Amino acid sequence: MKNIIFIAPPAAGKGTVSDYLVKNYHYEHLSTGDLLREEIQNGSELGKSLEEIMASGKLVSDDIILQLVETKLQSYLQKPFILDGFPRTLVQAEALEKMLLTLGVTNNIAIYLDIPKEEAIKRVTGRIVCPKCKRSYNLNHEELKPKKDNLCDDCMVELEKRSDDNIDTFAVRFDAYLENTSPILDFYASRKMLKKVDAMTQLNEMFQNIIEEAKND
Ligand code: ADP
């Protein structure tokens, strides 16, 4: 399978597809959002400064993100990997290209999950996540509800709402996406790496479409 770089507006379903690919296709999953939230939980100095930025919906600085990814990326290279939430700016996309070149990692595709803003709002307001395994569920989506009310199917731990999953913060996140992240689509298109997948289909269909794109030729 190819390495996948996901590009999508907030709450399009990157995390949900990633869970599926990890469980069924043995992918490694690097989510910068999860790494940043771990940093906050650890209570480090860096974590404290991140908390405010993330709660506002703005992007964390490229320097911090690149340092984080640079230290972690190497440990994700044993299997095909997913980058979820990174790159989010052109600077990050260019830096990633250099990193992958230096590491000799080829066989990469960028998958754009296409979703209208109204549907993303619906998903963000219904999202609840497992604090232990990070799996995400959705109360506004029949296929993504937990089996038992508010408990993770796998860990049986109480599910939580993310502090940035509210309508006001979503608006800031969506604008940050339009301004900073959508230009990356042209970057990957120019490198013939970009594949577009409709995120409005049934989940299973979306999974299958992604697998088709990610299969080695
Ligand atoms: P989602 O994809 O659902 O919007 P994430 O968990 O990927 O959420 O990201 C949550 C927040 O973490 C972002 O709003 C942003 O503040 C920060 N963040 C995550 N990844 C990056 C990145 N690559 N560059 C800058 N900020 C990031």
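Numbering of ligands and ligand atoms starts at 1, following listing order. None of the values given here were measured: they were computed from a predicted structure. Just so you know, residue 1 is the first one in the sequence shown, and it goes up from there.
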Check your understanding: For ligand 1, which atoms have a heavy atom of R173 less than 4.0 angstrom away?
Key -> 1 (P), 3 (O), 4 (O), 8 (O), 14 (O)
Exercise for review: Distance to 0.1 Å, residue and atom name: give those for the protein heavy atom nearest to atom 18 (N) of ligand 1.
Suggested key: L36 CD1, 3.4 Å
Review point. Below 4.0 angstrom, N of the basic side chain to O of the carboxylate: do R191 and D186 qualify?
Key: no
Exercise for review: Have a look at ligand 1 and work out which part of R123, if any, has a heavy atom under 4.0 Å from it: side chain, backbone, both or neither.
Suggested key: neither
Review point. Which salt bridge (charged side-chain N to carboxylate O under 4.0 Å, His left out) pairs, counting each pair once, include a residue from residues 205-216, with sequence neighbours left out?
Key: E212-K215
Exercise for review: Could you tell me which atoms of ligand 1, counted from 1 in the order shown, lie closer than 4.0 angstrom to a heavy atom of K14?
Suggested key: 2 (O)
Review point. Would a 4.5 Å heavy-atom cut-off, applied to side chains only, mark M206 and T16 as touching?
Key: no
Check your understanding: If you look only at pairs with a residue in residues 166-176, which of them pass as a salt bridge (charged side-chain N to carboxylate O under 4.0 Å, His left out), with sequence neighbours excluded?
Key -> D164-R173, D165-R173
Study note, to complete from the structure: shortest atom 26 (N) of ligand 1-to-protein heavy-atom contact is with V60 N, 3.0 Å
**Study point:** Backbone or side-chain N or O of D84 under 3.5 Å from ligand 1 N or O
**Key:** no
Exercise for review: Could you tell me whether some N/O pair between S31 and ligand 1 is separated by less than 3.5 angstrom?
Suggested key: no
Check your understanding: How close does the nearest protein non-hydrogen atom get to atom 11 (C) of ligand 1, and which residue and atom is it?
Key -> M54 CE, 3.7 Å
Point to revise | Minimum heavy-atom distance between Y188 and P87, given as atom pair plus value | key: OH-CG, 3.5 Å
Practice item. Can you pull out the closest protein heavy atom to atom 19 (C) of ligand 1? Residue, atom name and distance to 0.1 Å, please. Key: R88 NH1, 3.4 Å
Point to revise | Atoms of ligand 1, numbered as shown, that sit under 4.0 Å from any heavy atom of Q92 | key: 22 (C), 23 (N), 24 (N), 25 (C)
Exercise for review: Please state whether the rings of Y20 and F207 are parallel, tilted or perpendicular, taking 30° and 60° as the class boundaries.
Suggested key: parallel
Check your understanding: Can you list the ligand 1 atoms lying under 4.0 Å from a non-hydrogen atom of R162?
Key -> 1 (P), 3 (O), 5 (P), 6 (O), 8 (O), 10 (C)
Review point. Got a salt bridge between E119 and R123, using NZ or NE/NH1/NH2 to carboxylate O under 4.0 Å?
Key: yes
Check your understanding: Between CD1 of I7 and CG of L113, what distance do you get to the nearest 0.5 Å?
Key -> 9.5 Å
Check your understanding: Do any N/O atoms on I65 end up under 3.5 angstrom from N/O atoms on ligand 1?
Key -> no
Point to revise | Polar proximity ligand 1 side, D164 side, N/O cut 3.5 Å exclusive | key: no
Review point. Looking at F86, is R88 sitting on its ring face, NZ or CZ under 6.0 Å from the six-membered ring centre and within 45 degrees of the normal?
Key: no
Check your understanding: When the aromatic ring centroids of F81 and Y76 are compared, is their separation below 6.0 Å?
Key -> no
Review point. Okay, side chain of N3, backbone of T106: is any donor-acceptor separation there less than 3.5 Å?
Key: yes
Review point. Atoms of ligand 1 less than 4.0 Å from R127 heavy atoms?
Key: 3 (O)
Review point. Is any N or O atom of D34, backbone or side chain, closer than 3.5 Å to an N or O atom of ligand 1?
Key: no
Review point. Side chain or backbone of V124 under 4.0 Å from ligand 1, or both, or neither, by non-hydrogen atoms?
Key: neither
Check your understanding: Which ligand 1 atoms, with their elements, are less than 4.0 angstrom from a heavy-atom of A11?
Key -> 3 (O)
Review point. If you measure from the Lys or Arg side-chain nitrogens to the Asp or Glu carboxylate oxygens, is any gap between K48 and E51 under 4.0 Å?
Key: no
Review point. Which atoms of ligand 1 have any heavy atom of P10 under 4.0 Å away?
Key: 4 (O)
Study note, to complete from the structure: Atoms of ligand 1 under 4.0 Å from any heavy atom of T32, numbered from 1 in the order shown, are 19 (C), 20 (N), 21 (C), 23 (N)
Exercise for review: Examine F86 against ligand 1 and note whether any of their N/O atoms are separated by less than 3.5 Å.
Suggested key: no
Review point. Is it true that D19 and K134 have a side-chain N and a carboxylate O under 4.0 angstrom from each other?
Key: no
Point to revise | Identity and distance of the protein heavy atom lying nearest atom 15 (C) of ligand 1 | key: K58 O, 3.6 Å
